[in-house]
Protein chains: 2
Amino acid sequence: MRNSSADQLILETLGVQKSHLTSHQIYEGVHLRLPALNPSTVYRALDRLVSQGKVTVSDMGLGAAVFELAGEKPHHHLVCQGCGYITMIADDQIAPLMETLEKNYHYKIKTNHLVLFGLCEQCQQNH
Amino acid sequence: MRNSSADQLILETLGVQKSHLTSHQIYEGVHLRLPALNPSTVYRALDRLVSQGKVTVSDMGLGAAVFELAGEKPHHHLVCQGCGYITMIADDQIAPLMETLEKNYHYKIKTNHLVLFGLCEQCQQNH
DNA sequence: AATTATAATGCAAATCTTTGCAATTGCAAT
DNA sequence: ATTGCAATTGCAAAGATTTGCATTATAATT
C-alpha cells in the first residue's frame, strides 16, 4: 500500500463536499483539479479506498452507489419507494444494534451509513 | 402498471435461483430463455420491479449490486473487508430494530437483506 | 369491435465502468 | 545514489448500463 496522489485527491474531494457522491461525480470532481488523471485510475483508487476501509459505499436507490469518507458521523436513511422521500434516522436508533453485533460476532463494523427501503405512512395507504 | 413478460421472466429467474444475482447475471439468465429480449428491456424491467417493491437490491461489495425476490425470508450478512469472508446474521438480531423503526417512523420496511461491512476478529489483529 | 391513453419494448447511440497490458512511479533495501 | 520490487497509472479496448425516440402492445372505455 502506497501513498497515491489519486487517493489523496479523492479523499480531499470527499472531505470537502461531505455529501453522498457517486463514483462518476467523484471522477468529475477530481478531473476538474487534475484533468490528466485517467478515469480508470479514479475508479481503481476508489475501489482501493473502500477495501482499505477509508471510504464507505451505500446504495441509496439512485441507480448508483454513493461514497463518503469513513469516520464521518454515522447517519442513516429511510427511502420511500412510493414517493422517493428520504427520512433521516438518528444514529441513536441504530448504534445499539451495531454494538450488539460487534460483540456477538467479534466484529469491528465499518458501515456507517444504513439505507433502508420501504413505504412511508402515506404511500402505504395510497397503495 | 401492467403485466409485462420481461417482468415475469425476471421474477421466475430470481425465484428459481434463489440466490443473489447481479443485474448482468439476470440479463444472461433471461437472455437464455428469450434471446430476442433486449438488454435495455431487462434493465428497465429490473428497475420497475425494484421500485414496485417486488425485488430488493443490496450491495455486497462485489462491485455490483445483487437482486433477490422481496418476501424471501429476511437474512443478513457481515462482510469482512480484510479477508472477504461472509458471515450470516440471524434475522432475530435484526428484526427487533426493524420493528422499532417501523413503529417510530410509521414505515413499512421492505429491505429484507442487510449487508454490513467491517473487520472480522482475525483481521482486526492482523491490521 | 373500435378507439384511446398509457405502458413496455426495440434499437442505436451515448455514457459509464472494468480490464489487460505496458510503462511509470514510489518505497525500501542495499 | 542505485537497484529491485511491487503498486499505481495511462491507454485502448471491451463490457455493462442508461437514454431518447419511434414503435408496438396492453388494458380500459366507448
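Scope of the values below: all heavy atoms of this structure, side chains included, with no hydrogens, waters or symmetry mates.
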*Nearest-Å distance, NE2 (His24(A)) to C1' (dT17(D))?*
13 Å
*Short question: side chain of Gln124(A), backbone of His106(B) - any donor-acceptor pair under 3.5 Å?*
yes
*Applying side chain to side chain contact (heavy atoms under 4.5 Å, CB included), run through Asn112(A) and Glu68(A) and close with a yes or a no.*
CA-CA 9 Å; Asn112(A) 63 349; Glu68(A) 59 194 317; 4.3 Å; yes
*Using atom types as modelled and distance alone, determine if a side-chain donor or acceptor of Gln93(B) lies under 3.5 Å from a backbone N or O of Ala90(B).*
no
*Send over the distance from Asn3(A) CG to dA6(D) P, rounded to a whole Å.*
20 Å
*Rounded to the nearest angstrom, tell me the gap between atom CG in Leu37(B) and atom C1' in dC11(C).*
13 Å
*Nucleotide dT17(C), atom C1' - distance to NE2 of His31(A) in whole Å*: 15 Å
_Looking at Asn3(A), is its backbone amide N or carbonyl O close enough to the side chain of Gln8(A) to form a donor-acceptor pair, meaning the two atoms are under 3.5 Å apart?_
no
*Just wondering, do His77(A) and Met88(A) contact through their side chains at under 4.5 Å, heavy atoms?*
yes
*Heavy atom of residues 38-52 of chain A under 4.0 Å from DNA chain D: which residues?*
Asn38(A), Ser40(A), Thr41(A), Arg44(A), Arg48(A)
*asked:* Whole angstroms only, please: what is the CG-C1' distance between Asp7(B) and dA7(C)?
replied: 11 Å
*Would you mind reporting whether Leu46(A) and Ile26(A) have side-chain heavy atoms less than 4.5 Å apart?*
yes
*Starting from P on dG10(C), measure out to OH on Tyr27(B) and report it in whole angstrom.*
10 Å
*Using a cut-off of less than 4.0 Å, is there contact between a side-chain N or O of Ser23(A) and OP1 or OP2 of dT17(C)?*
yes
*asked:* For Asp91(A) and His75(A), which I'm curious about, is there any donor-acceptor pair between the side chains at under 3.5 Å?
replied: no
*Does the side chain of Leu49(B) come within less than 4.5 Å of Phe67(B)'s, by heavy atoms?*
no
*Take atom CZ of Phe67(A) and atom C1' of dC16(C), then tell me their distance rounded to the nearest Å.*
13 Å
*Backbone of Cys80(A) reached by a side-chain donor or acceptor of Tyr107(B) within 3.5 Å*: yes
*Rounded to 10°, tell me the angle between the two end axes of the helix from dA1(C)-dT30(D) to dT30(C)-dA1(D), each built from five pairs.*
30°
*Given atom CG of Leu34(B) and atom C1' of dA8(C), what is their separation to the nearest angstrom?*
14 Å
